[in-house]
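Take a look at the structure below.
Start at 1 and go down the list; that is how both ligands and their atoms are numbered. The structure presented is a predicted model; accordingly, all values stated were derived computationally and were not measured.
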Amino acid sequence: MTFDRSIKIAPSILSADFADFGREIRAIEDQGADWVHVDVMDGHFVPNLTFGPPAVKAFRRHVKTFMDVHLMIAPVDPYIEAYAEAGADMITAHIEAGPHIHRTLQAIKATGKMAGVSLNPGTPAESIEHLLDLVDMVLVMSVNPGFGGQKFIPSAVDKVAKVRAMIGDRPIHIQVDGGVDPTTVGPLVKAGADCFVAGSAVFKGGSVDRPEVYGANIRAIREAAEAARG
Ligand code: DX5
Ligand code: ZN
């Protein structure tokens, strides 16, 4: 994949119908999703449980775009190989998930996959200073991870601006995840983010039988983002 800072919308399938992932993935991609965001939760690092590697491997068969796997698990290292083999294009790990994030990112890169590092709302931007030469993406969480449908935490905007300044000319994406919708995306774009995860704001009001609603929801986020870029 060639690097660019175009606006990317990554619907989180945490908000999809859990009995119908194949059709849900096809619906969001047909309706304009750039990436498919997969939230992996372990009931330990975050208070919720979702997808093991076999589930992610099954999703892969339906993903035509880019599978973005957000690991909210601790420990991370024992599972990197399995999620890589499941077909992730990007694997993102949390800086708070263990004492050796540098080693974790090296291990992700060693699988040949792209590597992301994620920061919880309470973690300062500066904490990634010595990781920038190892990552393809920085994920700034704008909610405390664990659930969809939470309220956007506005201090994420300032953190994105700090991360953007630290990145300089490096080819590193800035992703924001949590409470992203047409009303919150603009300031994030102005601060320098290019990739937006959205669960509730994409899936609300739609279904696999009414996929055009997903399309309208994705377009509304993209249009607000592009308007902020000017
Ligand atoms: C939160 C997850 C998010 C979540 C976003 O722990 O990482 O990806 O699904 O959901 P919304 O967009 O509903 O805040
Ligand atoms: Zn996520």
Side-chain angles (χ1 to χ4, degrees), residues 7-18 21 24-25 28 31 33-51 55-56 59 63 65-74 76 79 83 88-97 108 114-123 135-157 159-160 173-189 193-206 213-214 216-218 220-222 224-225:
I7 300 292
K8 287 165 283 296
I9 310 295
S12 165
I13 58 167
L14 190 63
S15 294
D17 175 355
F18 272 39
F21 281 115
E24 289 278 36
I25 289 167
I28 52 174
Q31 295 295 326
D34 298 288
W35 292 7
V36 175
H37 184 83
V38 179
D39 284 308
V40 174
M41 304 183 179
D42 67 350
H44 166 73
F45 179 66
V46 291
N48 198 357
L49 270 173
T50 59
F51 316 121
V56 175
F59 303 155
V63 175
T65 55
F66 183 89
M67 191 162 76
D68 167 32
V69 176
H70 178 192
L71 297 181
M72 289 162 273
I73 65 176
V76 187
Y79 301 101
Y83 284 100
D89 293 299
M90 172 88 74
I91 298 178
T92 298
H94 269 262
I95 197 163
E96 307 85 2
I108 296 172
M114 296 173 83
V117 63
S118 182
L119 293 83
N120 278 335
T123 303
V135 298
D136 301 286
M137 186 172 83
V138 177
L139 165 50
V140 174
M141 290 303 300
S142 40
V143 298
N144 287 297
F147 306 95
Q150 303 182 78
K151 198 171 171 318
F152 181 78
I153 298 172
S155 60
V157 176
K159 197 186 292 184
V160 167
H173 297 290
I174 301 181
Q175 184 177 63
V176 183
D177 184 359
V180 172
D181 65 22
T183 71
T184 55
V185 77
L188 296 167
V189 171
D194 61 296
C195 183
F196 301 95
V197 177
S200 330
V202 167
F203 286 88
K204 70 160 195 274
V213 177
Y214 298 161
N217 290 342
I218 291 169
I221 302 168
R222 194 187 303 284

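- Taking only nitrogen or oxygen atoms, main chain and side chain alike, G146 reaches within less than 3.5 Å of ligand 1.
- Set against the non-hydrogen atoms of P145, the atoms of ligand 1 under 4.0 Å away are 6 (O).
- Between the side chains of D181 and T184, a donor-acceptor pair is found at a separation under 3.5 Å.
- A donor-acceptor contact shorter than 3.5 Å is absent between the side chain of Q31 and the backbone of A216.
- In this structure, a donor-acceptor pair under 3.5 Å is present between the side chains of Q175 and D68.
- Each of the atoms 7 (O) of ligand 1 lies under 4.0 Å from some heavy atom of H70.
- Annotation: G149 places an N or O atom under 3.5 Å from an N or O atom of ligand 1; distance criterion only.
- The salt bridge (Lys or Arg N to Asp or Glu O under 4.0 Å) check on D34 picks up R222, with sequence neighbours excluded.
- If you number the atoms of ligand 1 from 1 as listed, the ones under 4.0 Å from a heavy atom of M72 come out as 6 (O), 7 (O).
- Considering just the N/O/S atoms of H70, the one nearest the Zn ion (ligand 2) carries the name ND1.
- Not a single heavy atom of A201 sits under 4.0 Å from any atom of ligand 1.
- Taking both residues in full, the closest heavy atoms of A201 and V180 are given as CB-O, 3.3 Å, listed atom of the first, atom of the second, then distance.
- For ligand 1, the atoms closer than 4.0 angstrom to any heavy atom of G178 are 14 (O).
- Within the 4.5 Å cutoff, the side chain of K204 has heavy atoms near those of the N217 side chain.
- M41 and F147 make their closest contact through CE-N, 4.2 Å (heavy atoms, listed as atom of the first residue, atom of the second, distance).
- Between the NE2 atom of H37 and the OD1 atom of D39, the angle centred on the Zn ion (ligand 2) amounts to 90° when rounded to 10°.
- The name of the N, O or S atom in D177 nearest to the Zn ion (ligand 2) is OD2.
- Put simply, the side chain of S142 gets close to the backbone of D177: a donor and an acceptor are under 3.5 Å apart.
- For the residue pair S118/H94, the side-chain donor-acceptor check at 3.5 Å is satisfied.
- Under a 4.0 Å criterion applied to the non-hydrogen atoms of A198, ligand 1 contributes the atoms 12 (O).
- When every heavy atom of M72 is checked against every heavy atom of P145, the shortest pair comes out as SD-CB, 3.5 Å.
- The backbone N or O of H44 lies less than 3.5 Å from a partner atom in the side chain of D42, making a donor-acceptor pair.
- F147 O, 3.5 Å is the protein heavy atom nearest to atom 1 (C) of ligand 1.
- Side-chain contact, D39 with S12: a donor N or O sits under 3.5 Å from an acceptor N or O.
- Comparing heavy-atom distances from atom 2 (C) of ligand 1 across N144, I13, D39 singles out D39 as nearest.
- Considering only non-hydrogen protein atoms, atom 3 (C) of ligand 1 sits nearest to D177 OD1, 2.8 Å.
- Within the listing of ligand 1, atoms 8 (O) sit less than 4.0 angstrom from a heavy atom of V197.
- Ring centroid separation for the pair F51 and F21 comes in under the 6.0 Å cut-off.
- Nearest protein neighbour of atom 10 (O) of ligand 1, counting heavy atoms only, is G148 CA, 3.5 Å.
- Those atoms of ligand 1 that come under 4.0 Å of a heavy atom in H37, given as number and element, are 8 (O).
- Taking every heavy atom of M41 and a limit of under 4.0 angstrom, the matching atoms of ligand 1 come to 6 (O).
- At a heavy-atom cutoff of 4.0 Å, ligand 1 is contacted by the side chain of S12 but not by its backbone.
- Looking only at heavy atoms of the protein, atom 14 (O) of ligand 1 is closest to G179 N, 2.8 Å.
- Taking only non-hydrogen atoms, the option from S118, G199, S200 nearest to atom 13 (O) of ligand 1 is S200.
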